[in-house]
Amino acid sequence: MRLILLGPPGAGKGTQAEFIVEKYGIPHISTGDIFRKNIKEGTELGNRAKAFMDKGELVPDSLVVELVADRLNQADCKAGFLLDGFPRTVFQAQSLDGILERLKVTLNAVININVNPKVLVSRAVGRRICKNCGATYHVENNKPKVDGVCDKCGGELYQRSDDVAETVENRISVYMNETMPLINYYDAQDKLVNIEGEQNINDVFSDIVDALKG
Ligand code: AP5
Ligand code: ZN
């Protein structure tokens, strides 16, 4: 299965990605996670990406496309992959078309998770993530059993530095300007699957599974 997860910040892409990759046995490729790992490790890529991410701006296309091309060339992507947070601009989508053409593969679907912008800010600001395994929680909607501790691995939960209201609002407006045009882009390729993202987490997932059967 070769899939893209599309949707605004806080729509639930990372949350659904955990379920999707487990069900279909495919690698999860999140450009946001790759950048955060590089920031943590203090690499040159991380240092360059950090300034953009802290402001809620997009990292320049030139830094993103090559990284994804290298990742898709790796052996574990032969059986499929889930791209989460990429592509995010028309340029990135066109570049991905070129990469897939060279690999002689096509996408099965682009899953577009729809959530009202008003809901997105509280979702992002209330998000907590496990430092150890990356599992995602929410202080109200998806609480861990013990405050601040991951159910899965016992790791400590933290808040992302770009999950403050002002930065989230900027990320939403960047999404509207730069990424929303991809909805039409993939609709025109007949790949788009729209999913109602304001249901509970399990219902969103079961709609995704149903849509992928179709
Ligand atoms: P990235 O890491 O991709 O973040 P994002 O797209 O802003 O998405 P989020 O991770 O914020 O949200 P999500 O949809 O995964 O929601 P989640 O499942 O966590 O990008 C970060 C930055 O990196 C960008 O701003 C940019 O600078 C840079 N970047 C990354 N990729 C790039 C690219 N391709 N080009 C250029 N720059 C790039 O859910 C959110 C919360 O809601 C959680 O707390 C969760 O528990 C809760 N929740 C989830 N589903 C539900 C539900 N159904 N009901 C109730 N609560 C729910
Ligand atoms: Zn954990």
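Side-chain atoms are counted along with the backbone in the values below, which use heavy atoms only and exclude waters and symmetry mates. Both ligands and their constituent atoms are indexed starting at 1 by order of listing. Along the sequence shown, the residues carry numbers beginning at 1. As the structure is a prediction and not an experimental result, all values here were calculated from the model.
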Starting from atom 35 (N) of ligand 1, find the nearest protein heavy-atom neighbour and note its residue, name and distance.
-> Gln92 NE2, 2.9 Å
Heavy atom of the protein closest to atom 4 (O) of ligand 1 (residue, atom name, distance) | Arg160 NH2, 3.3 Å
Counting heavy atoms only, which part of Thr15 comes closer than 4.0 Å to ligand 1: side chain, backbone, both or neither?
-> both
When only distance counts, is Asp84 in polar contact with ligand 1, meaning an N/O pair under 3.5 Å?
-> no
How far is atom 44 (O) of ligand 1 from its nearest protein heavy atom, and which residue and atom name does that atom have?
-> Tyr137 O, 2.7 Å
Determine whether the side chain, the backbone, both or neither of Ile201 has a heavy atom under 4.0 Å from any heavy atom of ligand 1.
-> both
How close do Leu96 and Pro87 get, heavy atom to heavy atom, and via which atoms?
-> CD2-CD, 4.0 Å
side-chain contact (heavy atoms from CB on, under 4.5 Å) evaluation trace for Ile111 with Gln16 | CA-CA 10 Å; Ile111 301 162; Gln16 296 301 324; over 6 Å; no
Taking N or O atoms only and a 3.5 Å limit, does Gly14 qualify as a polar contact for ligand 1?
-> yes
Over 12 foreign heavy atoms within 6.0 Å of NZ, Lys50 | no
Of all the non-hydrogen atoms in the protein, which one sits nearest to atom 37 (N) of ligand 1, and at what distance?
-> Val59 N, 3.0 Å
Who's the nearest protein heavy-atom neighbour of atom 41 (C) of ligand 1, and how far?
-> Arg123 O, 3.3 Å
Is there a side-chain contact (heavy atoms from CB on, under 4.5 Å) between Ile183 and Val110 once you walk through the steps?
-> CA-CA 9 Å; Ile183 296 175; Val110 177; over 6 Å; no
Should we count CD of Glu198 as having more than 12 external heavy atoms under 6.0 Å?
-> yes
Closest approach of any protein heavy atom to atom 20 (O) of ligand 1, naming residue and atom = Arg88 NH2, 3.3 Å
Only heavy atoms count here, so choose which of Gly85, Ala49, Ala135 is nearest to atom 34 (N) of ligand 1.
-> Gly85
Electrostatic pair Asp162:Arg127 at N-O distance under 4.0 angstrom = no
Taking heavy atoms and a distance under 4.0 Å, where does Arg36 meet ligand 1: side chain, backbone, both or neither?
-> side chain
Donor-acceptor contact below 3.5 Å, side chain Asn200 vs main chain Asp203 | yes
Given salt bridge (Lys or Arg N to Asp or Glu O under 4.0 Å), test Asp163 with Arg128 step by step and report yes or no.
-> CA-CA 9 Å; Asp163 278 346; Arg128 299 293 180 270; over 6 Å; no
Arg123 side chain to Ala11 main-chain N or O, any donor-acceptor pair under 3.5 Å?
-> yes
Does Glu198 come within less than 4.0 angstrom of ligand 1, counting non-hydrogen atoms of the residue?
-> no
Just going by heavy-atom distances, which of Asp163, Ile172, Thr136, Val139 is nearest to atom 43 (C) of ligand 1?
-> Thr136
Run down the list Gln16, Lys13, Met53, Arg127 and name the one with the heavy atom closest to atom 23 (O) of ligand 1.
-> Met53
Nitrogen or oxygen atoms of Pro9 and ligand 1 under 3.5 Å apart | no
Of the options His28, Lys23, Lys152, which is the one that meets Glu18 in a side chain to side chain donor-acceptor pair (under 3.5 Å)?
-> Lys152
For ligand 1, which part of Asn141 has a heavy atom less than 4.0 Å away: the side chain, the backbone, both, or neither?
-> side chain
Evaluation steps, side-chain contact (heavy atoms from CB on, under 4.5 Å), between Val64 and Phe35 | CA-CA 9 Å; Val64 188; Phe35 288 134; 3.9 Å; yes
With a 4.0 Å heavy-atom cut-off (strictly under), which part of Pro8 contacts ligand 1: side chain, backbone, both or neither?
-> backbone
Write out the residue and atom name of the closest protein heavy atom to atom 12 (O) of ligand 1, then the distance separating them to 0.1 Å.
-> Gly10 N, 2.9 Å
State whether the shortest distance between N or O atoms of Asp33 and N or O atoms of ligand 1 falls below 3.5 angstrom.
-> no
Can you list the atoms of ligand 1 that are under 4.0 Å from a heavy atom of Thr31?
-> 30 (C), 31 (N), 32 (C), 33 (C), 34 (N)
Which atoms of ligand 1 are found less than 4.0 Å from any heavy atom of Asn142?
-> 46 (O)
Are any non-hydrogen side-chain atoms of Ile20 and Phe205 less than 4.5 angstrom apart?
-> yes
Contact atoms of ligand 1, heavy-atom distance to His138 under 4.0 Å | 44 (O), 46 (O)
Where do Thr136 and Asn142 land on the side-chain contact (heavy atoms from CB on, under 4.5 Å) test, with the steps shown first?
-> CA-CA 8 Å; Thr136 302; Asn142 184 16; 5.6 Å; no
Examine the proximity of ligand 1 to Tyr175 and report which part, side chain or backbone, both or neither, has a heavy atom under 4.0 Å away.
-> neither
Assess whether atom CD of Glu66 is packed by more than 12 heavy atoms of other residues, nucleotides or ligands within 6.0 Å.
-> no
Ligand 1 N/O within reach of Ala11 N/O, cut-off under 3.5 Å = yes
Proximity of Glu57 to ligand 1 by residue part, where a heavy atom lies under 4.0 Å = backbone
Say whether Gln199, considering both its backbone and side-chain N or O atoms, lies within less than 3.5 Å of an N or O atom on ligand 1.
-> yes
Heavy atoms, side chains only, cut-off 4.5 Å: are Leu157 and Pro144 in contact?
-> yes
For Gly12 and ligand 1, does the shortest N/O to N/O distance drop below 3.5 Å?
-> yes
Should we count CG of Asp147 as having more than 12 external heavy atoms under 6.0 Å?
-> no
With a 3.5 Å cut-off and no angle check, do the side chains of Tyr24 and Asn108 form a donor-acceptor pair?
-> no
Angle at the Zn ion (ligand 2): provide the value between SG of Cys153 and SG of Cys133, rounding to 10 degrees.
-> 120°
When you check the gap from the basic side-chain N to the acidic O, do Asp76 and Arg71 get nearer than 4.0 Å?
-> yes
Could you find the nearest protein heavy atom to atom 7 (O) of ligand 1 and give me its residue, atom name and distance?
-> Arg171 NH2, 2.8 Å
Check if Gly197 has a non-hydrogen atom at a distance under 4.0 Å from any atom of ligand 1.
-> yes
